[in-house]
Every structure is written in structure tokens, then in C-alpha cells.
Asker: 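Please see the structure below; I have some questions.
These numbers were taken from a predicted model, which means no experiment stands behind them. Positions are given from 1, in the same order as the sequence printed here.
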Amino acid sequence: MVDEQLEVLEGVAEELVFRREDTGFTVLDISTEDGELITVVGVLPEISAGEELRLSGHWDAHSTFGRQFRAELCERRMPGTVAQMLKYLASGSVKGIGPSTAVKIIEAFGEDTFDVLGNHPEKLAKIRGISPKKAEQICQQFKEQYAVREIMMSLETLGLSPSEAINAYRVFGDDVTRMIMKNPYILCLSDIGMSFERVDALADTLHEKPDPGFRIRAGILHVCNHNLSNGHTCLPREKLLRPAADLLGTNNDTIDIAIDDLCDEHLLRVAKLDGREFVFLPHIFDAEYDSAQRIKMMVRFPPAGRPTLDRDIERVERKLGIHYEGKQREAIVTAIEKGILILTGGPGTGKTTTVNAILQLLEADGLHVVLTAPTGRAAQRMSEITGKEAKTIHRLLEAERTGNEQMRFARHARNPIEADAVIVDELSMVDIVLFAALMDALPMGCRLIMVGDSDQLPPVGAGNVLHDLIDSNLLPVVKLDEVFRQAMESLIVTNAHRVVAGEQPILDVKDNDFFHMERTNAARTVQDIVGLYKTRLPKAYGYDAVRDIQVLCPSRKGDAGTVNLNRVLQEAVNPPAKGKNEIKLQTRVFREGDKVMQIKNDYNINWSRGSEEGSGIFNGDVGILTSVDKQKGVVEVDFDGRKAVYPVLNLKELELAYAVTVHKSQGSEFEAVILPVVDVPPMLCYRNLFYTAVTRARSKMITIGKRATIEEMVDNDRKIRRYSALRTFLEADYGLD
């Protein structure tokens, strides 16, 4: 059903101006009954000149191309008049028919043209210039094209958007409509991207209700996938029963039986860990189990090390002008002698200088050392502190696009990366799927140095890799806990260590790099954040507001949450202006000059950096929106030098990033951080969230809001429970059935 708020436009497609075949995004001109020629933009796959269209959408005013109609829904009919048929065929819609051949066909068959093209190649072969073989090819092309169009229309009738219909057809093929009519829940079990709730609503509209078992199995998988987004790699079986039963309106016994059915279908995996049954999605079970086996193999057959002599370390000290303290030396020796190490520590404890020494000694031995980190910003920072190239893990593993947008890496056990040693930074934010891919791609005998801060938040994705590795007691771990004197001059560093120790931060010093602004209500807090961001900090310290200052929020919601702050900050620092293009996406506006963040991994987004080209923009990448081309339906975003082109269809993967959640900031550092601490939801008032925010600031840390909220966060050392199995697999001799 068409949304009542959408306007309706009817007309005949006149000319196809632009189309992206991969997304279906189209720009075309249509003529209305009163003779007006109107430009239409939207996801309109398989439409050709001559078709009659009934479009639902809204009007846009483009700064360059004028008034346009943005189509959300499309109903269409094949050309009904001879003139429309001629236009359709002359446009090149049917392979093998050009303008002159189209005229001959129309002159020969008139209103019967489409019947001939669909059913009578022998009649078509009587046209001069069309051989019997070519006639068969043209008719086959016409029938296939017509079949695809019918499928697309039937899918849209079922309630799928044009882009969802394209994806469904690509995944399931010609039989897609019948498959969905029988079991609509395949749409949320595959790569279409439809939520369980939407598919549930779609199922209610079908004349024949699908087998209830389809719904139950899909609902259980939905709960499992939802808990992946909450960080769990698995769930105790008994904890899965009630949420699934409540969602599906059934009982625990029914869910219990369906779990066994899903295991029989290899859609779930159940494993007994420490005497308790846990339920996994199969690919997550494989990621944790395989990672554990590779780590245990590295411990059992360690990479070749060598004794480290004091003079080796002293040589590096002289070269770098640094003196290494006790635990730093212990970490250096362990890395060189054992070939595997976890190095942890908070700010100011010397992780960076220790990593540099390890790098120097490994390279002095003639080893090829690869530096990597989970995000672009973390990799860039690693390059800055080492003077060596560092790549994101995705880039190191050569992430590849696939037809159904699934994750795939060119580097794996059969095609490992080329390295004698790998140093991974910011391990605390590496989820289990990415960690498993990295472990799979390590060549045999490769040394592995893993660096992270175990007091920070766990990764946004599923798993608890760093903590599980440390807690297994299987690997050598060195925790740097001595804060160097020069670092203690920073109140950011001092307060970070006070928070970790459960002590309240010092908030009363005004002339240092950490200060607090007491505010009691959200409205005043937001007003002052805008002032700090737009004027006060840039004026006082020369910061570029968009590039150097980051607002970090505990929550997305509320006046001091990311959604509202992005709206008001965009209006303050990048308002509408003549000549500045923008594009609306539901309630959001993206404008040239906006700071944006990618919120999901997308392996199909192409980018270029000078002569270098690649694909893949990943969750947490931050960039500047440099151009909006509504005529072509694309925007360009600059991610620290990588210029990526986004079809409008993919803008749902971007969010404004003037303000981001603390979770999303992991792996990044910013010159100045502003943290609102007012009206923070109780579930987000905990210590390591506050600590993570503080450690994101390089030069200035400003908290604004209620001191009492900070005190509550620091006092609350509650760690949100994450169910994961990596530690168990590491500790136990877990055998597969």
C-alpha cells in the first residue's frame, strides 16, 4: 500500500538518462498527460523508454538540475500503444534491436509486435536483415527480459522495495516469487537484509499462510543474530528459550525442539562447555574454535626465537634515545625469544616505545614485519609512531567483494600473507570473526605480537578476544603499569589511571588538558557543546572543528545523545548554503562538508587514493563528504585520502559523525574530545565506558554535565557480561563430535 504522505506521478518513460546496473539507481525523463517533461530519480530497475509508470514519492529541488521527482515506489505497464512500443524497442531495451530495426518491426506487426517477439520468431525472421538464428535470439532475449520484469513487479507487489527485489532475484533466481510465497522467512535468513519483523508482517498478507515451523526457525535465528550484535558469540541454551518463545508467542518446549531441528539443518551449532549447553551460529562457532586451535598450535610449536642480549636492547636505546624500564624490557625479550606476546597497558605506560623496540630488533634480524590495526585511524596512528606502513586488517587480508556481499578475504590458509612477524595494535576492538580471519592467514612460523588496552570497552562486534586470550593463561602476557614522569604531567593520563584504579578523576584544574564544565540540564549542555565545538576550542587552540574535535556520547538517545547532537552541530558548523549540494534520506540530511561515519562493513564500495584503487569501507571509518551528485545518484566521501563513491542506495550505511558513541570511537584518537555527562542512561553509567572516552583524547578532554554522573560511572565497575567460548576452547582439549 502506498504511504498516504507520498505524492503520485503518472506518465510515460521518455529517455533513460543514467542507470547503475549494480544498484538499479536510475535517472529518467517521463512525460505526463499534459505534456510536461519531468526528471525522476530512484531505484527503478529494468525500466525502459515507452513504459507507462505510476510513481509514488516526493519532490526535490536540486540546486543544479532543478525540480525532480524522487520515486519510492513504482507501478508499471508494458507499452500499450504502437508509438510507445516503438519508443521502447528503439531505446535498445531488447538486445539485437536498434532504432532502424525497431521501425521495421513496428511497421510489419503494429499492435501485435510484442506477441510476435514473445511467441513467433518465425514471423520475425521475415523482416529483412533478421536471420532465423537472430530472430530466435531476439525472441529469447525479449522473453527473458519480460520474465525478469514480471518477477520484479511481483516482488514489489509483495512489499519488497526495488532494491530488496533486486537482491532477492540475485540470490534466489527465477524461482524467487514461488519460494517467497511458500516461505517468506528466507528473506531474513539470506542476504536480502530484511528484518524478521518486516518479513513477519509480509507473511500476514499472504493468502496462504506459510508453515508455522518456518516462522519459528527464523525467529530463533533472529534472536541469535540479535545477540551477536550485543557482543555474544553464543548463548546458554536455557537463556535462548524464553526470548525466542516470547517473540514467537509459543512455549519453551517448542523452541527447544526447533533448536534441534536447526542443528540438524546445520543452521545452528550446540556445544557443551563446562557442563552447560551453548548455542552458536555455525560460522561463529568455527571462528572461535579455529582461532583457539591455531593459537594452541603456535604455543605448542612456537615461532623460532633467539636469545636477546642486553647489548641488543642498549643499541636500540641509543638509536631511539630511550631508556627501557623493567617491564618494557621483559616485553621486548619475550617478543624476540618466544615469538608470541600480548602487550597491554594504559596511556603513558610506554606501549608505543616498546613496540618500536620490538620492531627495530625484528627488522635487524632481517625479518619482514607487518603492522596492522582494526581501523583506518588506528593504522594511520601506528604508521605515525613507527614510521612504517601499517594497514587495516581488512586491507592486509585483501577483503574482496562477493556477489551477495558476504565477507571474503583473498588471504587465508591456502594463500597466507607475506610476513615473518605481525604486530597487531588495538586488539581490544577486534571481534572474533576478524581475529579468526587474521589467524587463518598467518603463515606457519610467523611471529605474532598483539597490543591492546584490556581496560577499554570490548569490541563493537561479537566476541571478547583480548580478554579471552589473557584469561586463558596460555600465552605470555606483559602488562605495563608504570606511568612515566612526563606522561604524568598530563591530567588526561593521570585521570585515566585514577579511573582504572576506581579513584575519582581530578576535575577542578582549569589550566591543564582535562577540565570539567558543570551543567545540570541537557539543553544548556547541548548549547555549550555547540559553542565549544564551533568557536571556543578552534579559537583558543587553532583546532579545525570538523577534523580535530570529536564529541563522544555514552548514548544515541536524548538531547545529549548522538542523534540530536549531530543535528544541532551540523546546523551550527555546516548549514545549508547556496552552491552547497545536499541530499535527504528520510529524516536525515547529508550535505557537502559533513563529517560522516560508516556504520557497517561494505566490501562493494570502491575507493581510490592517487593511482591506488581498492574496495571496501568498514564499520567505524570516518570521513568528509566532499560532493553530492544527485543527477548521477552518487556522493563522494574522503576517508583520510581514500575517496569513496557511494550510490544513494548505500547512504543508509552512513551517519553524521560530529558526535559518535564512545563504542564507535574505539581505535581512534582525537586532538580534543568533548564528553556530555548529563542524563546518561543507568545501563551506560559504568567505568570502562568513561575510561575509553578519556583515552581517546590526545590533547584536550572536556567533560560537560554533572559531576555526580562521572562519580557514578567511575564507581560502577560492572562489566557487561559477554558470552564467548574462545577462552574455553583455549583452556580445554575440546574435541568435535
Asker: Using a 6.0 Å cut-off, check whether atom CZ of Arg536 has over 12 heavy atoms from anything other than its own residue.
Answerer: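 No, because the 6.0 Å sphere around CZ of Arg536 holds 12 heavy atoms or fewer from other groups.
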Asker: Thinking salt bridges, do Arg524 and Asp528 make one under a 4.0 Å N-O criterion?
Answerer: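 Yes.
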Asker: Checking Lys479 side chain against Gly345 main chain: does a donor-acceptor pair fall under 3.5 Å?
Answerer: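 A pair under 3.5 Å: no.
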Asker: Out of curiosity, Met297 CE to Ile295 CD1, how far, rounded to the nearest 0.5 Å?
Answerer: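 Answer rounded to 0.5 Å: 11.0 Å.
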Asker: Assess the residue pair Ile617 and Arg642 against the criterion (side-chain contact (heavy atoms from CB on, under 4.5 Å)); give the C-alpha distance rounded to whole Å, side-chain angles, the decisive distance to 0.1 Å, and a yes or no.
Answerer: CA-CA 9 Å; Ile617 301 295; Arg642 290 180 302 152; 3.7 Å; yes
Asker: Is there a side-chain contact between Ile704 and Val677 (heavy atoms, below 4.5 Å)?
Answerer: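 Side chain of Ile704 against side chain of Val677, heavy atoms only: no contact under 4.5 Å found.
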Asker: Would you compute the distance between atom CG of Leu343 and atom OG1 of Thr334 and round it to the nearest 0.5 angstrom?
Answerer: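 With rounding to 0.5 Å, CG (Leu343) is 9.5 Å from OG1 (Thr334).
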Asker: Does the distance from a Lys or Arg side-chain N to an Asp or Glu carboxylate O, for Arg547 and Asp640, drop under 4.0 Å?
Answerer: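 Looking at Asp640 together with Arg547, the answer is no, because their closest N to O distance does not fall below 4.0 Å.
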Asker: Using side-chain hydrogen bond (donor to acceptor under 3.5 Å, both in side chains), reason through Glu671 and Ser699 one step at a time and then give a plain yes or no.
Answerer: CA-CA 5 Å; Glu671 286 300 324; Ser699 303; 2.6 Å; yes
Asker: Any Lys/Arg nitrogen of Arg687 or Asp717 sitting under 4.0 Å from an Asp/Glu carboxylate oxygen of the other?
Answerer: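 Salt bridge flag = yes for Asp717 with Arg687.
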Asker: Report the C-alpha separation of Arg306 and Asp312 in whole Å, then their side-chain angles, then the decisive distance to 0.1 Å, and conclude whether the salt bridge (charged side-chain N to carboxylate O under 4.0 Å, His left out) test is met.
Answerer: CA-CA 12 Å; Arg306 68 167 177 83; Asp312 295 327; 3.2 Å; yes
Asker: Donor-acceptor pair, Thr709 side chain versus Gly705 backbone, under 3.5 Å?
Answerer: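 Side chain of Thr709 to backbone of Gly705: no pair is present.
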Asker: Show your reasoning for whether side-chain contact (heavy atoms from CB on, under 4.5 Å) applies to Phe278 and Tyr723.
Answerer: CA-CA 9 Å; Phe278 283 79; Tyr723 289 108; 3.8 Å; yes
Asker: Strictly distance-based, threshold 3.5 Å: is any side-chain N or O of Ser555 a donor or acceptor partner for the main-chain N or O of Lys557?
Answerer: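 Confirmed, Ser555 side chain pairs with Lys557 backbone.
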Asker: Would you say Asn227 and Cys234 make side-chain contact, with heavy atoms under 4.5 Å?
Answerer: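 SC-SC contact between Asn227 and Cys234 ruled out.
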Asker: Does Arg447 pair with Glu363 as a salt bridge, N-O distance under 4.0 Å?
Answerer: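 No salt bridge links Arg447 with Glu363.
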Asker: Can you find a pair of side-chain heavy atoms, one from Met382 and one from Ile423, that are under 4.5 Å apart?
Answerer: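 In short, these two side chains touch, coming nearer than 4.5 Å.
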Asker: Specify the closest pair of heavy atoms between Ala357 and Tyr324, including all atoms of both residues, with the distance to one decimal.
Answerer: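 It is CB-OH, 3.2 Å.
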Asker: For the backbone of Ala522 and the side chain of Asp559, can you confirm whether one donor and one acceptor N or O come within less than 3.5 Å of each other?
Answerer: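 A pair under 3.5 Å: no.
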Asker: Flag the pair Glu612 and Arg609 as a salt bridge only when some basic side-chain nitrogen lies within less than 4.0 angstrom of an acidic carboxylate oxygen.
Answerer: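 Looking at Arg609 together with Glu612, the answer is yes, because their closest N to O distance falls below 4.0 Å.
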Asker: Under 3.5 Å, is there a donor on one side chain and an acceptor on the other for Ser490 and Asp513?
Answerer: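 Yes.
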Asker: Return the minimal non-hydrogen interatomic distance between Phe280 and Thr233, and the atom names on each side.
Answerer: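 Scanning both residues completely, I find the closest heavy atoms to be CD2-O, 3.6 Å.
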Asker: Minimum heavy-atom separation for Pro505 and Val714, please, with both atom names.
Answerer: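 Minimum heavy-atom contact is CD-CG2, 3.9 Å.
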Asker: Less than 4.5 Å apart, any side-chain heavy atom of Lys706 and any of Ile710?
Answerer: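 When only atoms from C-beta onward are counted, Ile710 and Lys706 do not touch, as no gap falls below 4.5 Å.
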Asker: Donor-acceptor check, side chain of His467 to backbone of Ser454, threshold 3.5 angstrom: yes or no?
Answerer: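 Flag set: sc His467 to bb Ser454 pair under 3.5 Å.
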Asker: Flag the pair Ile332 / Ile313 as yes when at least one side-chain heavy-atom distance between them is below 4.5 Å, and no otherwise.
Answerer: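 With C-beta onward as the side chain, the pair touches.
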Asker: Please determine if Glu731 and Lys296 form a salt bridge, counting it only when a charged side-chain N lies under 4.0 Å from a carboxylate O.
Answerer: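 So Glu731 does not pair with Lys296 through a salt bridge.
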Asker: Show the numbers, then the answer: is there a side-chain contact (heavy atoms from CB on, under 4.5 Å) between Glu426 and Thr375?
Answerer: CA-CA 9 Å; Glu426 295 286 359; Thr375 67; over 6 Å; no
Asker: Over all heavy atoms of both residues, which pair between Thr695 and Ala496 is shortest? Give the atoms and the distance, please.
Answerer: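 Closest pair (atom of Thr695, atom of Ala496, distance): CG2-CB, 4.0 Å.
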Asker: Does Asp440 come within less than 4.0 Å of Arg294, counting only side-chain N to carboxylate O?
Answerer: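 The answer is no: the pair does not qualify as a salt bridge.
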Asker: Could you state the interatomic distance from CZ (Phe729) to CG (Asp290), rounded to the nearest 0.5 Å?
Answerer: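 Here the rounded value is 9.5 Å.
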Asker: Does any N or O in the side chain of Thr494 come within less than 3.5 Å of the main-chain N or O of Leu491, such that one atom is a donor and the other an acceptor?
Answerer: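 A pair under 3.5 Å: no.
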Asker: Using modelled atom types only, decide if a donor and an acceptor are shared between the side chain of Asn230 and the backbone of His232 within a distance under 3.5 Å.
Answerer: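 Not at all, since once roles are kept as given, no pair shorter than 3.5 Å links the two residues.
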Asker: Is it true that atom NZ of Lys539 has more than 12 heavy atoms of other residues, nucleotides or ligands lying nearer than 6.0 Å?
Answerer: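 Incorrect, the count does not exceed 12.
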Asker: In Å and rounded to the nearest 0.5 Å, what is the CG to CG distance from Leu656 to Leu569?
Answerer: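 One finds 9.5 Å between CG of Leu656 and CG of Leu569.
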Asker: Would you say Ile417 and Leu396 make side-chain contact, with heavy atoms under 4.5 Å?
Answerer: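 Side-chain contact under 4.5 Å: yes.
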Asker: Between the side chains of Thr353 and Gln328, does any donor sit under 3.5 Å from an acceptor?
Answerer: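 Per modelled atom types, Thr353 and Gln328 side chains form a pair under 3.5 Å.
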Asker: With a 4.5 Å limit on heavy-atom distance, are the side chains of Thr349 and Asp481 in contact?
Answerer: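 When only atoms from C-beta onward are counted, Asp481 and Thr349 do not touch, as no gap falls below 4.5 Å.
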Asker: Look at the side chain of Gln550 and the backbone N and O of Phe670, then say whether any donor-acceptor pair between them is shorter than 3.5 Å.
Answerer: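 No; zero donor-acceptor contacts below 3.5 Å.
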Asker: Heavy-atom count around Arg276 CZ within 6.0 Å, excluding the residue itself: above 12?
Answerer: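 Above 12, so yes.
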Asker: Using every non-hydrogen atom in the two residues, find where Ser472 and Leu469 come nearest and quote the distance to one decimal.
Answerer: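 Taking Ser472 first and Leu469 second, the nearest heavy atoms are OG-O, 2.8 Å.
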Asker: I would like to know whether Thr692 and Gln456 meet side-chain contact (heavy atoms from CB on, under 4.5 Å); could you show each step before the answer?
Answerer: CA-CA 5 Å; Thr692 301; Gln456 287 186 18; 3.7 Å; yes
Asker: May I ask you to test the Met444-Pro416 pair for a side-chain heavy-atom distance under 4.5 Å?
Answerer: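 Side chain of Met444 against side chain of Pro416, heavy atoms only: no contact under 4.5 Å found.
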Asker: With no hydrogens and no angle check, is any side-chain donor or acceptor of Asn564 less than 3.5 Å from a backbone partner on Ala560?
Answerer: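 Such a contact is absent between Asn564 side chain and Ala560 backbone.
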Asker: With no hydrogens and no angle check, just 3.5 Å: does a side-chain donor-acceptor pair link Asp453 and Ser428?
Answerer: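 Checked: Asp453/Ser428 side chains show no N/O donor-acceptor pair below 3.5 Å.
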Asker: For Phe435, run the side-chain contact (heavy atoms from CB on, under 4.5 Å) check against Leu466, Val430, Ile393, Asp468 and tell me which one passes.
Answerer: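 It is Val430, the one option of Leu466, Val430, Ile393, Asp468 that forms the side-chain contact (heavy atoms from CB on, under 4.5 Å) with Phe435.
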Asker: Out of curiosity, His663 NE2 to Leu689 CG, how far, rounded to the nearest 0.5 Å?
Answerer: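 One finds 6.0 Å between NE2 of His663 and CG of Leu689.
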Asker: Once rounded to the nearest 0.5 Å, what's the spacing between atom CZ of Phe690 and atom CG of Asp715?
Answerer: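 The CZ atom of Phe690 sits 11.5 Å away from the CG atom of Asp715.
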Asker: Strictly distance-based, threshold 3.5 Å: is any side-chain N or O of His394 a donor or acceptor partner for the main-chain N or O of Phe618?
Answerer: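 Not at all, since once roles are kept as given, no pair shorter than 3.5 Å links the two residues.
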Asker: Measure across Pro476 and Lys338 and return the closest heavy-atom pair with its distance rounded to 0.1 Å.
Answerer: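 Answer, listing the atom of Pro476 first, then Lys338: CG-CD, 4.2 Å.
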Asker: Which residue is it: Lys664, Lys595, Arg556, Gln598? I am looking for the one with a side chain to side chain donor-acceptor pair (under 3.5 Å) to Glu655.
Answerer: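 Result: among Lys664, Lys595, Arg556, Gln598, Arg556 is the only option passing the side chain to side chain donor-acceptor pair (under 3.5 Å) with Glu655.
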Asker: Go through the steps to decide whether Asn495 and Glu503 satisfy the test side-chain hydrogen bond (donor to acceptor under 3.5 Å, both in side chains), and finish with yes or no.
Answerer: CA-CA 9 Å; Asn495 279 340; Glu503 300 173 13; over 6 Å; no
Asker: Evaluate salt bridge (charged side-chain N to carboxylate O under 4.0 Å, His left out) for Arg698 paired with Glu669, printing each intermediate quantity in order.
Answerer: CA-CA 6 Å; Arg698 183 183 292 125; Glu669 273 190 357; 3.4 Å; yes
